[in-house]
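Treat the numbers as computed from the prediction; the structure is a model and nothing was measured. Within every chain, numbering begins at 1; the chains are lettered A, B, ... in the order of the sequence lines, protein sequences first and strands thereafter.
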Amino acid sequence: MKILLIHSDYIEYEPKERTKFAEDCDVNRIRVDECLVSFISVERGDSEVVDRAVEEIEDVARKLNVDKIVVYPYAHLSSNLADPDTAVLILKEIEKKLKNNFYVQRAPFGWYKSFKISCKGHPLSELSRSIVVEESDVTQALKVEEEVVSYWFILTPKGELVDVDSFDFTGYEKLVKFVRYEMEKRRAVDRVPPHVELMRRLEIADYEPASDSGHLRYYPKGRLIKSLLEEFVTLKCLEYGAMEVETPIMYDRNHSTLRRYLERFPARQYIIKGDKRDFFLRFAACFGQFLIAHDSVITYKNLPLKIYELTRYSFRKEQRGELVGLRRLRAFTMPDMHTIVRDIEQAKQEFLNQFKLAVEVLSEIGLNPDDYEVAIRVTREFYKEHRDFIHSLARILDKPILIEMWDQRFFYFVLKFEFNFVDALDKASALSTVQIDVENAERYDISYVDEKGEKKRPLILHCSLSGAIERCMYALLEKAYMQAEKGILPMFPVWLSPTQVRIIPVSERYLDRVIEVAEDLKGRKIRVDVDDRDETLGKKVRDASREWIPYIAVMGEEEVKGGFLTVTVRAESTLKQQKKVRMSLDELAERIVKECEGKPFKPLPLPMLLSQRPSFR
RNA sequence: GCCACGGUAGCUCAGCUGGCAGAGCGUUGCCUUGGUAAGGCAAAGGUCGCGGGUUCAAAUCCCGCCCGUGGCUCCA
């Protein structure tokens, strides 16, 4: 809403000619003396700002000490006008509210009017106000969340459900940390998280000050790692039987179905102004996939039906203080798979399959069950009805898991699991997760046809097999850091290492031969580079080690003559003792190829010769 | 959004009881041609976050703002 306020000696106006939106009125000349004239343009969405507008006008009127207010519809203050019907309603409402405390004259809407006005000309006599709709980015679900009462238990692999306070946590150090983190939601760390320093030092990712907070830049090495993870998780979903789709990243804010869904999802959105409509940026792939499902003809023969998308990106406008490095971002990449199932039995079966698949995916990425803790969140009702099923989940990984139970269903799901990574600062964050959604098939009007030809409502599973890709990178970095603290040399899995082999010539004399060897390895789909810089051998070895390169091959006279490589194997070395192995080129190549079996491959994302590389920071 | 801390060379940081802008690393050049965690010498490199104020004089003191990190909050 745009308001122009004029403190006037008088205003005189007279309706002259109707427009097609004209409201009925007496076409008399009106004069009001000693008044505040409010020229108002009602804009789209202004029904929410009436009270604030009234407050503003009253506030000015009081300051000027006037008791008469003229409400004057004036379209020319805005290029984003509300429709006339709404505008009249809003103006009338303003009139009504102002009348509580003032004498109010409202000029008729929809007329060409002549007017004369006399402005007093003191400093406060001409004011303008622009009242915008406050983006209520706090959804209903966010508010509800504050009221949720949780009951906490530990479920043992033997199937005992123990109250959290009576569980003996001896031997379950990480679980304690996780439970504390979940329940107390309090910690006192005053450090930059280790992975933040690592992601920068290793030239993986960095903050981008020119963007919004929580949007990172990825350097070639980071892009490579991210891209391999993206491809890997995608392939896992496709192998599992999912159909890959691609859906828009922004949606109409006023779409009735989506609007209701937004209300149920506790996340803040980015709002984008379009030509005519406002859009929000997706925070997951649910919308796009549900809308596809809504328009699809699905029969019982198609179930379970799996749809998959890698969201690059999902957007969540987290509060500033919530953002951390790769752990929590405003733009992140998430594999998002939805499974449409016919009933609760099929839902349970898929839930179980996906639980197991998530374990497998994380372990291939380099995160073992020791690295995360399992949480199950469930309504009391669902727990009672499916106790055996839920207990069976604890047996899969053979470790106690945290159960959070609610008396009522506050959210759209009845059951979910999460694998939570506990980092070097004892903070937990969710990686893989699957939820059984009992609400959205209805909301999106998704149905399938059963054996009898009847339309039925399915259930929907939400699954992120690995969790956000960035978060996997965060977990790998944090894990490496924690291992380094224990004296283990930190590294990435070989298939994710940007450089898998670095070859270092003992002197420039051997460079040509070294490049030949490197080209050979490169031809075998191995990421190999060559340190051709004018530095000492010691320095080059040190630098390679600081880059966590799994295989460092040194070539000098001996190697060239003998036709072998002297390889420092990082995985078998310690801080004190390097493990050096004599290997043939074939042996090294075979070893690496084997270690990367079944994983995607991408070539070295940088020039092979180190001397040709820029330093990105 | 609130609280705390921070922003000085490409990076990490010192200087901050006001008085010539500093170090290490990196970069460039030269020497060095080497056998497994930093070889030597030299040079280049600055809007001290931005704006205002105090002062003869401000990186330093004061005010405002911006950005970052941490904590709170939040984390489907």
Side-chain angles (χ1 to χ4, degrees), chain A residues 137-139 141-142 144-146 148 181-182 185-193 196-197 200-201 203 206-214 261 264-268 283-284 286 314 316-325 327-330 332 334 336 375 377 404 410-413 415-418 420 425 427-430 432-437 462-464 467-468 471 489 502 504-511 531 533-547 552-559 566-568 570 573-580 614-617:
Chain A
D137 55 357
V138 177
T139 64
L142 277 175
V144 162
E145 197 168 46
E146 293 169 11
V148 172
Y181 186 83
E182 282 290 311
K185 309 214 166 197
R186 202 181 165 74
R187 48 264 162 202
V189 206
D190 199 11
R191 283 171 64 187
V192 175
V196 172
E197 268 179 62
R200 304 175 79 189
R201 184 175 72 68
E203 291 191 345
D206 207 341
Y207 296 111
E208 174 50 81
S211 182
D212 191 17
S213 316
Y261 183 50
R264 294 288 283 161
F265 200 93
R268 293 169 173 83
F283 44 80
C286 306
S314 287
R316 298 186 189 180
K317 213 171 124 198
E318 311 289 8
Q319 295 183 76
R320 279 177 80 115
E322 296 169 5
L323 303 166
V324 203
R327 182 163 93 99
R328 201 122 189 267
L329 295 160
R330 282 183 172 171
F332 60 96
M334 183 174 59
D336 203 1
R377 322 220 186 224
E404 180 177 14
F410 292 97
F411 309 113
Y412 57 74
F413 58 85
L415 173 69
K416 75 180 280 198
F417 81 77
E418 294 153 16
N420 288 274
L425 304 182
K427 298 190 189 194
S429 29
S432 318
T433 179
V434 177
Q435 303 152 14
I436 301 181
D437 176 346
H462 299 237
C463 167
S464 186
R471 203 169 259 191
L489 289 179
R502 169 153 307 160
I504 304 175
V506 168
S507 94
E508 216 176 285
R509 241 193 317 278
Y510 311 105
L511 185 57
D531 195 342
R533 296 173 306 163
D534 181 16
E535 296 290 350
T536 56
L537 182 60
K539 175 77 174 287
K540 292 180 185 183
V541 169
R542 175 186 151 82
D543 286 347
S545 180
R546 274 171 57 81
E547 279 186 59
I552 304 170
V554 172
M555 279 183 75
E557 193 182 350
E558 274 179 62
E559 287 80 4
T566 305
V567 182
T568 302
R570 187 171 181 84
S573 302
T574 64
L575 273 170
K576 289 176 193 155
Q577 184 79 47
Q578 293 181 21
K579 168 90 175 199
K580 284 179 258 182
S615 152
F616 288 99
R617 66 185 303 274

Heavy atoms only, 4.0 Å cut-off, all strands: where does [X] land among base, sugar-phosphate and nothing?
X	result
A:Val324	sugar-phosphate
A:Gly538	sugar-phosphate
A:Thr566	base
A:Lys416	base

Each nucleotide N or O in nucleotides 40-45 of chain B that has a protein N or O under 3.5 Å away: list the pair and distance.
none

Using only side-chain N and O atoms of [X], determine if any of them is under 4.0 Å from OP1 or OP2 of [N].
X	N	result
A:Tyr207	B:U69	yes
A:Arg509	B:G34	yes
A:Ser507	B:U33	no

Of B:G34, B:G70, B:U69, the nucleotide closest to the side chain of A:Lys427 is B:G70
Which atoms of nucleotides 25-27 of chain B (N or O only) lie under 3.5 Å from a protein N or O atom, and what are those distances?
{"from": "B:G26", "atom 1": "OP1", "to": "A:Lys539", "atom 2": "NZ", "distance (Å)": "2.9"}

Can you tell me, in whole Å, how much space there is between the P of B:U12 and that of B:G70?
-> 15 Å
Heavy-atom nearest nucleotide on RNA chain B taken for A:Ser429 and for A:Asp212; more 5' hit belongs to A:Asp212
Can you pull every protein N or O that's under 3.5 Å from an N or O on nucleotides 1-5 of chain B?
none

